[in-house]
Each structure stands twice: as structure tokens, then as C-alpha cells.
Amino acid sequence: MNTEYNPSELLICLASRIMEDGTTAFIGTGIPMLAASLAQQMHAPNLITVFEFGGTGAILEKLPLAVGDTRTFNKALHASGICDIMEAAQRGFIEYGFLGGAQIDAYGNLNSTAIGDVLKPNVRLPGSGGANDVGSCCWRTIAIMKHDKRRFMEKIDFITTPGFIDGSGAREAAGLPPNTGPYRVVTNLGVFDFEEKSKRMRLISLNPGVTVEEVKDNTGFEILIADNVEYNDPPSEEELKILREKVDPDGLYR
Amino acid sequence: MNTEYNPSELLICLASRIMEDGTTAFIGTGIPMLAASLAQQMHAPNLITVFEFGGTGAILEKLPLAVGDTRTFNKALHASGICDIMEAAQRGFIEYGFLGGAQIDAYGNLNSTAIGDVLKPNVRLPGSGGANDVGSCCWRTIAIMKHDKRRFMEKIDFITTPGFIDGSGAREAAGLPPNTGPYRVVTNLGVFDFEEKSKRMRLISLNPGVTVEEVKDNTGFEILIADNVEYNDPPSEEELKILREKVDPDGLYR
Amino acid sequence: MENSKSIPILYEGEGSLIQPIDLNAFRELNRKKNKKLESKLMTEEEAVDRFLKDGDYIGFELYGTVRAPMSLTRAIIRSGKTDFRLAGQGVHEVDLLLGANLIREIDFTYIGLEVFGVSGNVRRRVESGDVSNVVEWSNASLTWRFKAASMGIPFIATKCMLGSDTLRRSAAKVIECPFTGEKLALLPALILDVGFIHVNRADKYGNCQIDGISGFAFEMSRACKKLIISAEEIIDTDDIRKAPDRTIIPYYLVDGVVHAPFASWPGEMSNAHEKDVDHYNMYLEKQKTEVGMNEYLKEWVYDLPNHQALLDKIGTTKLKSLRI
Amino acid sequence: MENSKSIPILYEGEGSLIQPIDLNAFRELNRKKNKKLESKLMTEEEAVDRFLKDGDYIGFELYGTVRAPMSLTRAIIRSGKTDFRLAGQGVHEVDLLLGANLIREIDFTYIGLEVFGVSGNVRRRVESGDVSNVVEWSNASLTWRFKAASMGIPFIATKCMLGSDTLRRSAAKVIECPFTGEKLALLPALILDVGFIHVNRADKYGNCQIDGISGFAFEMSRACKKLIISAEEIIDTDDIRKAPDRTIIPYYLVDGVVHAPFASWPGEMSNAHEKDVDHYNMYLEKQKTEVGMNEYLKEWVYDLPNHQALLDKIGTTKLKSLRI
């Protein structure tokens, strides 16, 4: 088998490895879906997928192309609606949530609403969708981003989805549920967590071939660096095999 | 056919005649159910029955014995739950509601909670159940009562379900939806409405053989008397036939 | 924008909040609930033993003698556990618990015998003070309190209860709406310590289907710290997966699954069996007096070890005659 | 008890309330809705002609390219009616309406092309100011706004949106909970002038069934002044009565019923047909430019008189290949 991998395959494997077994993940279309499916087949057989418009515990025989897709409730345990899912999240039932966006800051706040002034935007983006809800109510959110200075910014144009807002205690002060918030950021350069005290983004592991300098150069804010930055393993042969042959055999996301 | 009738049969016929076609009625167990079923077969084929725990538009082939009974959703158009029904009422979808109680006052307020002090009751009654909701949200409520001075009181011990509270404008002042409230009271003595200005109970028609004096003597508050008090027709042969042969052929409520 | 406006609280019910609202603790508990597909099959006795404790705030669904989780109710009475607080929207199951004198506080909406009127057990326990605290609600209000909990929010607004003594003896608060200026009653969320629901069918993990009306099963199942399900029938998870839109209670809400055919006896169960009218009529007589009720409880609850023993006592002929 | 306490309003979103809340008017309207079992079958054109007018606040269910009421959307565009205000949780149907430049104000949560990214139509209409007012919400918040209306109450509380610019640009209000002291965002009820939903099957009166996930059909259908349904299949009322627990939208909510197989084309419909990927890919190219979008609208909307003409143009072979 070809063990070379493309950037998406790396992101999928990194995101997949983060998710623990025996819990729930709120899944958006694209990489999170592939990552969850891969995790189910690698180390987390009891990771339950939850889709925004009502599908819980589907068997992902064919990869969904949208969060309301028929495949999101294929042989599912429960097919309900968006309120049931969002209320389950608000009640604390959903562990992981995946997020993306056009801009992110050091506190993990995300912008998917507008570039420039929201009232007269340079670019009108698709909006919050479920992102704000996921970022408000899931216990641990994982952002998957392309890493460059235009995206990793000191000050983003609009906080669509709250991360740690402006630091420790800010989520709680705003009224968000305690002990929730950004958990990891996965990018083409590495994996990041948020330092306990400052709640600022911190590099914890680098992707194969990437340097700390490269991360700094591509980040528009001062990025923290963990004491022991590790290197992420590249996708293993087993991961690639499952990903290509079982998770996405039709290559929908390749 | 025997055209003699018992007191229940009279109440059923009186209540039945009040309901118009083409609308909805929130039905409790017992007389309201029989009245609605009779109305459907006499003059209101499009009277839609709604039961508290979720049945809408059932075909009442067998008479239900309880508001959560399987028969309340027999061949129904919709079987949902109590929230859906109560929210439909709160949105204004339910025209008629039936009520009962141990005590009623001149403004149609009803007590089904306790005789005496509610904190140390002489008799603990079954409580509001859906009565308060029906009395709050349905457009027109019809109370069916046994008529005597212990029940028709100047001051009832507890307002379980609001009627006109203490007169004109009081419902609106309390925050209840406008243009709702008691519509008719049907008793073994006659039928009553509520005078437009004072919102006090008023005799509008007497049951066969009953006199105005009898009504006054059995009412614990000053009862208004309409200018032209009519006599209610006794149950017709057709009504009795349908009631006995189609509505309640097993005589469950006889 | 920040501002210094406020919403007037126009009125506060005198009733106490029998069960405190702690949505953050509820979140933590829901986070820890088992999400694995592991069998939760157990007996009524095991479920009551593991998940219920003295003083718990409990609740039952549905209403009347229909789809009531009676086999679990009888197991509770036999367990010796007591001093419960209760969401009082019930008929037969709550009547037995009151008869056995296990209830101390009630959020009351309706406890009675429907067409048969006032319950002797309710009268004896409430009038004597055995039940020491009663707070009043309407059916919709109590269900919306579950709904608030099921949504993970501390209250829901309503137009019900306004202008009544039911409101006065509740723990609702009346405010002026900040959007419309109208008056509204705010109903505090109600989270059960343990909830009990009987369903038509479930798999061993607790994915449940209910036929016909669903009462308040959706809302209540999502408002429980612990949830015990009894099911007329246990089915394969494959059958759940064939019709996922029929699942009304997903497994991750459930702590115990009990296989209990005829669980609602002497009441009825949609698509399964009719009401045992003879037995119920006998019960109606018995519950009128304390002595009668005690005799009833001895014969039909205490003297039987479990649900199977009850079914044996009722007898196959009778049970068959009730089958739909 | 009466008192002089109050709840502080800590924060108010700057966004405007695009659609006013009048629950009493909604009650009056719901009271007058036809409760008779009378056929409401009509064409898309007739439904749009009778129930929609310029400037109406409209909304569509579901989301993405799945079960979208596209045949009704195309009829709206052809009708010449315009200047709509919109609940912006949509993809393909809203994209067409924006392309046709019929939308002036949006309660925005998500309008985009999902995995395919930002929509050219959204960018052109919002950045140019053709859409003159945009108010921000999250998916859950917008749905809970429908839910509030469906419950007949003016707001629902939530923990979502707090601490974000989404909140700042919304019309929500943040209060301190009178029961728990925690901060909550209050979401104002949202009542649609006209709602559009596509379902798997309906009877001629408008009793509707949906297979699989139900998105926000339950809530939205109960939050409409007028509701137009299109259905893949029209079935007998007897079949509705055989499984009343499958009815998700009862007839009395519905004003028009349109029989429209393949209504969601080029999107997919659960249990009926797959997505037309070829056509959708072509669309993705077209929508990138104003010229392309206009060409698309001319060929696939304006130049066709009705849904049947569209199906004829797609052709039986293609349609058959999409059938599940």
C-alpha cells in the first residue's frame, strides 16, 4: 500500500487520535466525520456520532456529504431533530465538538461570520450554523484549521463561536457552562492545546517535518510552546488502510 | 324506544348542543366525551376531539375510560404527547374545553384542589390536572356541574382554575390570553352564560320542569337571570337513540 | 449593549422548590453517564436496589392506569426504601405508594381515580399530614418543568396558572416579558433523581419505542438523573436500527432496562393488553379504607417476591383474556 | 406573594427584531384556521399565489440540499413576488432566492454550500447591501425561536450565544435567572408569515409523515401563520389513521398541500431519491458569478412553467437513476 499521505489524511488521523472511547462526538461534515469513523474502527468502537439535524449512533457505511444527509441516520439508534440534539448538548451529553472557521485567535475564539466589519463585510461568510452551539455547550471542542497568519490572528473580526474569550474565567463570567471550551486545535503544522492558566493556545506537538519556527512564523499572535513538544506520528499503515478502504472507499473526501 | 332519560343523558345532550361544527374540543373523561361524540353524530361532523395526553381526531368507536386511554387515539389523525396538545391550546388552536369541580363561584372560578384550607384540608381533592391549563388557554370553557349550594358558592375555598376571577378585565390583568374564559355552565337545573359587563353567571335556560326559584334556592351567590329564560328541550328521540346505540352501546357511562 | 434595565418580578408563588435546580451538576452527571453499548438488563429488584435511595425525588410516566410502570412501583414498595418526594401526576402507581405511606412531599397536579373520583389514599395521607408538603401545579406546567430540564434550561414561561390559587401555591414566578410586556409565569426546571417509564419495547441497551401517544415520556426521560425503563418486550438492536425514527428514548439516557410483560397490570398497555376491570374494581373498593388498602398491599405487593410471582398469581387464563 | 424584586437585564443584542412577536394575534389566527377535513390539494403556483405576498417573513425546512422544498421555492421565484424577510437556515433553496435577489432582511444562522464552502449568492447580496439587514443567530437559537412560537410563549432561555459577537449582533437579551442566578440569553419567539416544508407523504388534508430525522419540521410547522406542504406522495387518510404516531404535522396546521415528487431535486430525499450530483456540481460552478447564476435561473426556473415541466426537462432516465 502507498504509505504517502495527503494533508487531509494527516488531519483526519490527528483528529481521530484525540477522541476517547465510550463517549459522544458532535460531527460536522468533512474531516470530523472521517476522523470519527476512523476512531471507531481504530481505538474507539463506542464513540457515538451525533449529527446536528437528528441522527445519533448511525453506522457510517457510506460517508455523509451533509449534516442533514440520509447517511447521518443510516441504521442509527435514534433519528430525531435538531432540538433534541442541541438540547442533549445543552444538558451536557455531548463530549466532543468539531469546529472550523476563517479566523482563530489565541483564546480559540472562532470567526465564521464575516471578514471585515460585519455590518459592511469584505467577505460575508456562511455564519454560525451549529458552531456557536457546539462551542457553547460541548465539553471539549476540537478546531481543525489551515494554519497561516491570515487565519491565526491577534484579533479576529468577529467572535462567531466563543473559545476562552479573553482568558481564564471569561467563559464562566459570560454565563457559559463551567469546564467547557476549546480542547485542541489541529492544523497542517501541529496540534495545540490551551495553557491552563492563561487559556492561550500552546503548541504541544508538531507534524512530521514541521519546525517550531515555522509554527511561529505562520501564527499572527504570540503562540505558547509546551515544555516538551513532541512529534506527531505520521498516519500509520493501518490508519491509512482503514481510512482508504473502509472509511472512505469511494474517495469522496480525497 | 324508551324516551325517558336519566340526569346524565340530559347533561350530555345539553353540552352536546353547545358545540359548533368545524372546530376543536379538548375532551376530559366522562360526560364531555359522550357529548362530543353525540355532537359529531348530530350536527358537528367536523368537531375534532383532542385528548390531553396526545390523541387528536380519534374515531371514538369505543368510549375511552381515561384521558390517556388507547381509545383516545383509535384511528386518530395524530398521536403525540401532552406538550404538543397543551402548546396547541396555548397557541390558540383549541376552541372548547370542558371543566368540572367541587365548587364554582359567580365568576366561573373552579375549585378541584381542596375543601377548607389547602394547607390543612378537610378534603384533599384530586388537584388541577389539565383543568387549569384548559381554563387558561382554551377559548371557551364549558363547566358541567351538579347544582347545589355547597357547590355554587359566593366564595370558593381555592381557585384551581380561573374563570373571570373577580370580574371584567380581571383575566387580562392577570395575564391570561384575551377573549378567553367561561362560556357556559351546564347543570342538572339549567344552562348558564356570563353576563357581558359584570362577567357574572346568568341563567339563560331551564331544564324541563325546573323553575327559576329552584335555581335561586340552590345557588349560594346572587345569580343573574336573563331577560328571556327559555326552556331546554329534553333529549330528543334521535339524540337518545344515537347516545344509547352508537355513542355508548355498552352503557359504560349509564 | 450593556444596560441597567430590569424585568419586574410581579409575583412569587408561596410554594417551595421541593427539588433544587442544579443544571451544572446535571451536566456533569450526564457527561459521566455510560455511552457504551452495554447491556443494562436487570430485574425490578436490582434496578430499585441500585438506583433508588431513601428521600429521592421520583416520578412516573404516563398517567392514569395506562402504560404505568406498576411492576417497578411494586418493587419500590417491597424494597423498604421510603420518604420519597414525588412529581404527582399519577394515578394508580402513585396511589399505591401513598397507600404504603412512602411519600413525604409532592409537586401535585393530579392524583385521583379519574372517572372514579377522589382517592382514599390521597385523602388519608394528605389530610393527616403524612405528606408534609404539597406544592400545586397544572398538568401542562409540571410537564413543562420536565421540558425545561430536558432542554437544559432553568425555566420555561407560560400563560397557564395566571390568576389562580394554583399559582399562589406553586413555586412559579410571574414576570413582565422583556420583549412584549405581557405577564408570564416562569416554571422552574424539574430534574428527577429517579424516573420510571414503561414502554412497548426496548433493546438491552435501553433504546425505547412507544406505540401511540407518548404522554410525557420524551420530556421526562430527558429530565432524570437516573432512568429505569421497563419494557413489554425486549427486541434486538438491529430492529431499533431499522426504524431509528421510532426511538423515543435513546439508550444513553437509560440506567436500567427491565423486561416486564404486563407491567402495567391491572391497567392497560397500548397494543399489548386491556385493563383488568375486575381487579381494578376490587381495588377501588379496597382503597376506600386504610384497612382495605393494607389488605390489598399485603396480598398483591408485599406477599409476592417479584413480578413473575404476581403474573403466576393472576394466572395464565386471565392474562390471556386481557391480551389484545 | 407580590413583591418589588426584579431581574436585571444585563445585555441586549444590537440586532433588530425583524419579525415582531404578537402571540395574541397568532392565537386569533390559529383560532380561525380551518379545522374541517377538507381537501387542500393545489399546485405550487396556486399555493404561492394564495398564501404569499410581497414583504412576507418566510422560512424553509430542512437544511442543506436534503428534503428542501425546491419546487415551492422555484414557484416563489417565478411568481414575481419579492422583498421577503427570511429565517436564514438554508442552503440550496435560500441560495436560489438570494440569486434571484428577492430577500431584503435575514435572521442569519447559516447560508452556504456546506462542504463546498461560501456561496457566491450570499456574498453578492449581503456585501452589496441588496440584503439590507442581517441579524445573527446560531442554528439552535433560531430553532428555539421557532420552538418558543410553537409553544405559544414569547421567549426561550439558552446558554448558547453567550460571550460571542453572535449574541451582540442578535436580538437576544441576557438576564440573570430568577431561580438560579445564572446568566441566560432569552431568544424571542419567531412566527413565520409563510412556512414551506417538504415531507415524505401527506393526505389531502395535510396530515404529514416524515421518514428519518425530522430536522426542525415539528417546531417550524407550529410557528407559521400560513404553512404550505409539498409531499413526495399523497396517501389516503386511512393510512394516516393506521399509524397516528407517525403524523408529525397534523392537518389543522396546514393551509396548502402540493403533490410534488422529486420536489427536493437536485438535492436528496430520504427513502425516495438520491442527490443529482452532476446537476449540483454544475450549479456550484454557475453560482460563482452573477452572470452564471442568472443563466442558471433562466434555464432551470424562469423558463419552466411549473414543476412538471422541470421533471420533463430532467427526463425520466435521469430521474429513474436517482430513485432509491
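Lettering of chains follows the sequences in order, A, B, ..., and the numbering in each one begins at 1.
- Remark: D/Glu136 CD to A/Thr113 OG1 distance equals 5.0 Å, nearest 0.5 Å.
- Side-chain atoms of A/Asp133 come within 3.5 Å of backbone atoms of D/Ala140 as a donor-acceptor pair (strictly under, hydrogens ignored).
- Of all heavy-atom pairs between A/Ala79 and D/Gly212, the closest is CB-C, 3.8 Å.
- Neither the backbone nor the side chain of D/Ser128 comes within contact range of chain A, judged by heavy atoms closer than 4.5 Å.
- A/Thr49 pairs by the side chain to side chain contact (heavy atoms under 4.5 Å, CB included) definition with A/Ile27, A/Ala36, A/Gln40, A/Phe51, A/Leu60, not counting sequence neighbours.
- Minimum interatomic distance between A/Ser128 and D/Trp137 (heavy atoms only, all atoms of both residues): CB-O, 3.6 Å.
- D/Asn139 approaches A/Phe53 most closely through the heavy-atom pair ND2-CZ, 3.9 Å.
- A pairwise comparison of heavy atoms in A/Pro162 and D/Ser164 identifies CD-CB, 4.1 Å as the closest pair.
- Remark: the backbone N or O of D/Lys159 is paired with a side-chain donor or acceptor of A/Gln90 at under 3.5 angstrom.
- Taking CZ of D/Arg169 as the reference point, atom CD1 of A/Ile159 lies at 15.0 Å (rounded to 0.5 Å).
- The two residues D/Leu62 and A/Gly68 have their closest heavy-atom pair at CD2-O, 4.1 Å.
- Among residues 169-177 of chain A, the residues having any heavy atom closer than 4.5 Å to a heavy atom of chain D are, in sequence order, A/Ala173, A/Ala174, A/Gly175, A/Leu176, A/Pro177.
- A pairwise comparison of heavy atoms in D/Phe216 and A/Ile82 identifies CB-CG2, 3.7 Å as the closest pair.
- Counting heavy-atom pairs closer than 4.5 Å to chain A, the top residue among D/Gly112, D/Gly267, D/Gly215 is D/Gly215.
- Using a 4.5 Å cut-off between heavy atoms, D/Thr65 does not touch chain A at all.
- For the atom pair NZ of D/Lys147 and CD of A/Glu87, the computed distance is 3.5 Å after rounding to the nearest 0.5 Å.
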Please determine whether side-chain contact (heavy atoms from CB on, under 4.5 Å) holds for the pair D/Val118 and A/Arg124, giving the CA-CA distance in whole Å, both sets of side-chain angles, and the decisive distance to 0.1 Å. CA-CA 8 Å; D/Val118 180; A/Arg124 174 66 216 200; over 6 Å; no

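- Using a 4.5 Å cut-off between heavy atoms, D/Glu182 does not touch chain A at all.
- No part of D/Ser119 comes within reach of chain A, as not one of its non-hydrogen atoms sits under 4.5 angstrom from that chain.
- Side-chain N or O atoms of D/Arg123 include one that pairs as donor or acceptor with a backbone N or O of A/Asn122 at under 3.5 Å.
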